[in-house]
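Below is one structure, written out as structure tokens; comments come after it.
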Amino acid sequence: MCRGAEVRGTERSQESGNQERRRGSVSGFHCLPCHLSHFTPPTYRSCGCIACMFRKTAQLNMYVLFVLQIKAHGPSFTRLHAPWPVLCREAEFLKIRVPTKTVESGFGSSMSTVWRKLNQPFQPKVPRQDQGRTKFLSHSFSREKLHLYNITSKETFFDNTTRGRIVYEILRRTVCVRTCQTIGISTLIAKGVYDAAFPLHDVSALSAAVLNLQGWARYSAFYKYQPIDLVRKYFGEKIGLYFAWLGVYTQLLIPASIVGIIVFGYGVATVDTNIPSLEMCDESLNFTMCPLCDGACDFWHLSTACGTARASHLFDNPATVFFAIFMSLWAVLFLEHWKRRQISLSFNWGLTGTEDDEEHPRPKYETILLQKRQKKQKNKKKKKKSEAPIDKLTWKDRLPGYFINISSILFMFGLTFSAVFSVIIYRITISALMAMSPDPAIKSNVRVTVSATAVIINLVVILILDEIYGNVAVWLTELEIPKTDTNFEERLILKAFLLKFMNAYAPIFYVAFFKGRFAGRPGNYTYVFNNYRMEECAPGGCLIELCIQLSIIMLGKQLIQNNIFEIGIPKLKKLARAIKNKGSTEKEKEEGKPPQQWNLDYALAAFEGLTPEYMEMIIQFGFVSLFVASFPLAPLFALLNNVIEIRLDAKKFVTELRRPVAIRAKDIGIWYNILSGMGKFSVIINAFVISFTSDFIPRLVYQYMYSPNGTMHGFIDHTLSYFNVSNFKPGTAPHSSAHKDISFCRYKDYREPPWSTDAYQFSKQYWCVLAARLAFVILFQNLVMFLSLVVAWVIPDVPKNIVEQLKREKKLLVDVFLQEEKEKFQLIQSLFSKDNPLQAGSHLLQQAQGIAAPGRSSTLPSGQTQALVGDGGGVPRARCRAASFSQFTRKSPSSPMNENENSRHTAV
């Protein structure tokens, strides 16, 4: 290991450092513009270490910032440069699309002038916006066609992000010379040889002004569109797609929020005319209800729950059904709109038709595979048998990890259910204890106090388990030994989503579908631990409790976890690193040295991927879509959160995190499948919430089957059953009651009265309501699914203008290459038309052998000339044949003699 090696290096002068800062970063890794003469890499006395072997292989080919942690001398930085020949070679190898000289005009959306002026205040302050309607045709880079590309300067042709990606790709596949086993910088970092490898933030005026100061990362620009193209140019396609997706999601929350406000406003406007609420608040009806607990609780009047009934109507009204259907279709529209937006971005960024990048094995996979090979070689020497070499890990190697994964996930499911059950026990016991209190004020506020404190406990438990489950998901994924980073990320996402989904929604599912379903009836209640009765829903129904639970958990997670944690924890980590490096910083200030960019970036937090960012938005999408029938204001609170979230994430990426290596991506990956699954699942959930949790179906059944005059008058009396107080079990009746001469009490259920032959059995009305509820679930689900399919069929995945532009680009590219072929053919003909045929023949022979004309690169294959006898007396001529399109795109092998000296030392 290099941690004990002695490091020597030459420090650049103050003047050269200032000159470099004025020039800014040219490549993606703060590269020097031309060569390495400004910096002498450190030399090691112990040259047998892995790091030295790696540096000898890589240091002459690229420029990147390494951090090598040396305990005795502090961090040591190694900087590498990528010259033009290496950039060209790797760009061709990676099939990077670059702009050609051909310009396609009329590109972009055809917005009217009036709309463009109206939309101007919402546009970000990005330089050269007016050039958005022209586009250079792009084509995969090839060293044989340099004359076709729009190369104004070799220093700026490959942008900052592309240079960084090329450099890091070389580093990831460079093999250590001596060990011949360790591949890439990722393995060296995993083994502790290097501490980190990252590109530097671009401190040039353009990026700093646009990204940090002018528009993107400022909270005051919350109403403006994001400069997505600039974000992609600086951070790469993967991060650009995340912010584009977040922007589309936030924009589409605006109509959902407006409709939700209208639905809530309808409830507020009709609460004073709602007949069921008025009947519950009418004291003259004198509904005497059965006690809420055994012994200590007294009989009570239904009119005391008037406030709960009025609040329940705000969310449980006929408009709620319309809103549930609307939000189900909204989820489909959101996914379809994002699909079109994603394809448009892929086209604009030159990713259409590109292949996925080749991925390298992860360090842990390499290590375990190497151990397996060494173990097999030892056994092979003992047994002296020839066996096939091991090239990959099998399911047998991963079997212990799979077993631990399954058992751990089941254990964590049990832990989540245990936490929910513990809160249920808390609610039951606290309700019983408060009901026994002699203070009437405490007795009157039992339900509100217990519900509020239980939801807060649920929120705290969810936040704690959320952090635990995130770390456990990473550990479980490591046990599966995925081969590539993509496989690792997908498995991690599935595990983390499964655990966090269960953790966040388990209390809500309990309130929505289980609370009050198994409580029993007076005289035959269900008990927990033989002492405590199962809790029942409030007199206004469980929907108002579901609304309270959903709103507090959603707002609490967004406020505490998504904002305070994201702001507070990075600040604390940054403060801790500043205190740790306080000595070296003060020493530099005493010496009068300005802080170097690599020191500033090393003090930032490391980028750990987009999984946490996506995860919090996916969980929020579940709050917005799954139980939206119980809380129409959920889209509004999600919109307010996301407006802040976009700027918070932008500020975090620009100022709080090290700059990540750009990763090419054409879509958001597995997250789209999760969103699509949640959208379909939300249809079923909302159907059951409306049908079984709310009173919408019982009201319809009463109005059209049992109401004597077709109105809602008498609905409350219809939903309450009778119980004979003489049928209480011993010890369960109220010990002391303020209500005298009570023979019957009421409870909410559809059961036969005590004077019936089938006393306390489910009545005919119960079965009618149950049948109507099941029928509504089937009807709602099929209707919404049908409408969703219609919406998905009507909206094409690929926008029409993109299809037309793809066809036009293809035609223009063919014309470009045909024109090139035509010019070459005319050049050959002009050579034969000269007076000296022998000289012309020698020029043609040179071209056939690969010597290109000035400003051109020959694409004719060698060895395809034939001597022919012409009409002019047997002068030898070369028969010219028009080359096909494939010949111009074919990669001819380059001679080692023509390679740049700096590019010969990298193993590719």
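Between Asp797 and Lys339 there is a salt bridge, since a side-chain N of the basic residue sits under 4.0 Å from a carboxylate O of the acidic one. Salt bridge annotation for Lys651-Glu645: absent, with no cationic side-chain nitrogen under 4.0 angstrom from a carboxylate oxygen. Arg165 and Glu237 are not joined by a salt bridge, as no carboxylate oxygen comes within less than 4.0 angstrom of a charged side-chain nitrogen. A salt bridge does not link Glu336 with Arg341: every distance from a Lys NZ or Arg NE/NH1/NH2 to an Asp or Glu carboxylate oxygen is 4.0 Å or more. A salt bridge links Lys652 to Glu613: at least one charged side-chain nitrogen sits closer than 4.0 Å to a carboxylate oxygen.
Across every non-hydrogen atom of Ala244 and Leu345, the tightest pair is CB-CD1, 3.5 Å. Residues Gln558 and Ala638 come closest through the heavy atom pair OE1-CA, 3.9 Å. In this structure, Ile618 and Leu675 approach most closely via the heavy-atom pair CD1-CD2, 3.3 Å. In terms of heavy-atom proximity, Pro799 sits nearest to Ser344 at CG-OG, 3.6 Å. In terms of heavy-atom proximity, Ile462 sits nearest to Pro507 at CD1-CG, 4.1 Å. Taking each heavy atom of Gly240 and Trp349 in turn, the nearest pair found is C-CH2, 3.9 Å.
Qualifying salt bridge (Lys or Arg N to Asp or Glu O under 4.0 Å) partners for Asp667, counting only residues two or more places apart in sequence or in other chains: none. Legend: residues meeting salt bridge (Lys or Arg N to Asp or Glu O under 4.0 Å) with Glu169, ordered by chain and number and at least two apart, are absent.
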Problem set entry | Steps toward side chain to side chain contact (heavy atoms under 4.5 Å, CB included) verdict (Phe334, Leu329) | CA-CA 9 Å; Phe334 163 58; Leu329 297 179; over 6 Å; no
For this session: Determine, step by step, whether Phe509 and Val420 satisfy the side chain to side chain contact (heavy atoms under 4.5 Å, CB included) criterion, reporting the C-alpha distance in whole Å, the side-chain angles of both residues, the deciding distance to 0.1 Å, and the verdict.
Result: CA-CA 10 Å; Phe509 270 96; Val420 174; over 6 Å; no
Problem set entry | Test log, rule salt bridge (Lys or Arg N to Asp or Glu O under 4.0 Å), inputs Glu90 and Arg163 | CA-CA 10 Å; Glu90 296 300 320; Arg163 286 173 175 250; over 6 Å; no
For this session: Begin from the C-alpha positions of Phe497 and Phe501 and carry the test ring pair (Phe, Tyr, Trp, His ring centres under 6.0 Å) through to its verdict.
Result: CA-CA 6 Å; Phe497 171 74; Phe501 179 90; 5.5 Å; yes
For this session: Check the pair Val794, Val790 against side chain to side chain contact (heavy atoms under 4.5 Å, CB included), reporting the backbone distance first and the verdict last.
Result: CA-CA 6 Å; Val794 169; Val790 170; 4.1 Å; yes
Exercise. Taking it one step at a time, do Tyr469 and Leu415 satisfy side chain to side chain contact (heavy atoms under 4.5 Å, CB included)?
Worked result: CA-CA 11 Å; Tyr469 288 166; Leu415 180 62; 3.9 Å; yes
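When the shell of 6.0 Å around CZ of Phe411 is examined, it contains 12 or fewer heavy atoms from other residues, nucleotides or ligands.
In this structure a side-chain-to-backbone donor-acceptor pair under 3.5 Å is missing from Ser676 to Tyr672. Judged by distance alone, the side chain of Arg659 and the main-chain N or O of Tyr234 form a donor-acceptor pair under 3.5 Å. Of the possible donor and acceptor atoms, none in the side chain of Arg362 sits under 3.5 Å from a partner among the backbone N and O of Lys483. At distances below 3.5 Å, at least one donor-acceptor pair connects side-chain atoms of Ser257 with backbone N or O atoms of Pro635. Gln342 contributes a side-chain N or O that, together with a main-chain N or O of Ile668, makes up a donor-acceptor pair within less than 3.5 Å. Under the 3.5 Å distance criterion, the side-chain polar atoms of Asn503 are left unmatched by any main-chain donor or acceptor of Leu465. Judged by distance alone, the side chain of Ser346 and the main-chain N or O of Ile343 form no donor-acceptor pair under 3.5 Å. Between the side chain of Asn405 and the backbone N or O of Leu476 there is at least one donor-acceptor pair closer than 3.5 Å. Between the side chain of His201 and the main chain of Leu657, a donor-acceptor pair closer than 3.5 Å is present. Judged by distance alone, with hydrogens and angles left aside, the side-chain atoms of Tyr510 form no donor-acceptor pair with the main-chain N or O of Phe417 at under 3.5 Å.
How far CD1 of Ile468 is from CG of Leu463: 11.0 Å, rounded to the nearest 0.5 Å. Note that OH of Tyr614 and CD of Glu489 are 9.0 Å apart. Values are rounded to the nearest 0.5 Å. Rounding to the nearest 0.5 Å gives a distance of 9.0 Å between CH2 of Trp330 and CZ of Phe326. In this structure, CD1 in Ile368 is found 5.5 Å from NZ in Lys364, a value given to the nearest 0.5 Å. A distance of 9.5 Å separates CZ in Arg491 from CD1 in Ile481, rounded to the nearest 0.5 Å. The structure places CG of Leu550 at 9.5 Å from CG of Leu626, a figure rounded to the nearest 0.5 Å.
Aromatic rings from Phe198 and Phe607 are positioned such that their centres are separated by 6.0 Å or more.
None of Phe637, Tyr505, Phe631 except one satisfies the ring-ring contact (aromatic ring centres under 6.0 Å, His included) rule with Phe623; the exception is Tyr505.
Looking only at side-chain heavy atoms (C-beta outward), Ile170 and Val86 come within less than 4.5 Å of each other. A 4.5 Å side-chain heavy-atom check between Val661 and Pro199 finds at least one atom pair inside the cut-off. A 4.5 Å side-chain heavy-atom check between Glu480 and Phe488 finds every atom pair outside the cut-off. Using a 4.5 Å heavy-atom threshold, the side chains of Leu479 and Trp475 count as touching. Ile674 places a side-chain heavy atom less than 4.5 Å from the side chain of Ile493. In this structure, Thr416 and Val461 have side chains that are not in contact, with every pair of non-hydrogen atoms separated by 4.5 Å or more. Between Ser788 and Ser328 the shortest side-chain heavy-atom distance does not fall below 4.5 Å. Contact annotation: the side chain of Phe347 never approaches that of Val798 to less than 4.5 Å [non-hydrogen atoms, C-beta and beyond].
Figure legend: cation-pi geometry between Arg97 and Phe141 absent, as NZ or CZ is not positioned both under 6.0 Å from the six-membered ring centre and within 45° of its axis. No cation-pi contact links Arg232 to Phe243, judged by a cut-off of 6.0 Å to the six-membered ring centre and 45° from its axis.
Looking only at atom types and distance, the side chain of Gln620 has a donor-acceptor partner in the side chain of Tyr249 under 3.5 Å away. Tyr365 and Thr484 are not linked by any side-chain donor-acceptor pair at a separation below 3.5 angstrom, with hydrogens and angles left out of the test.
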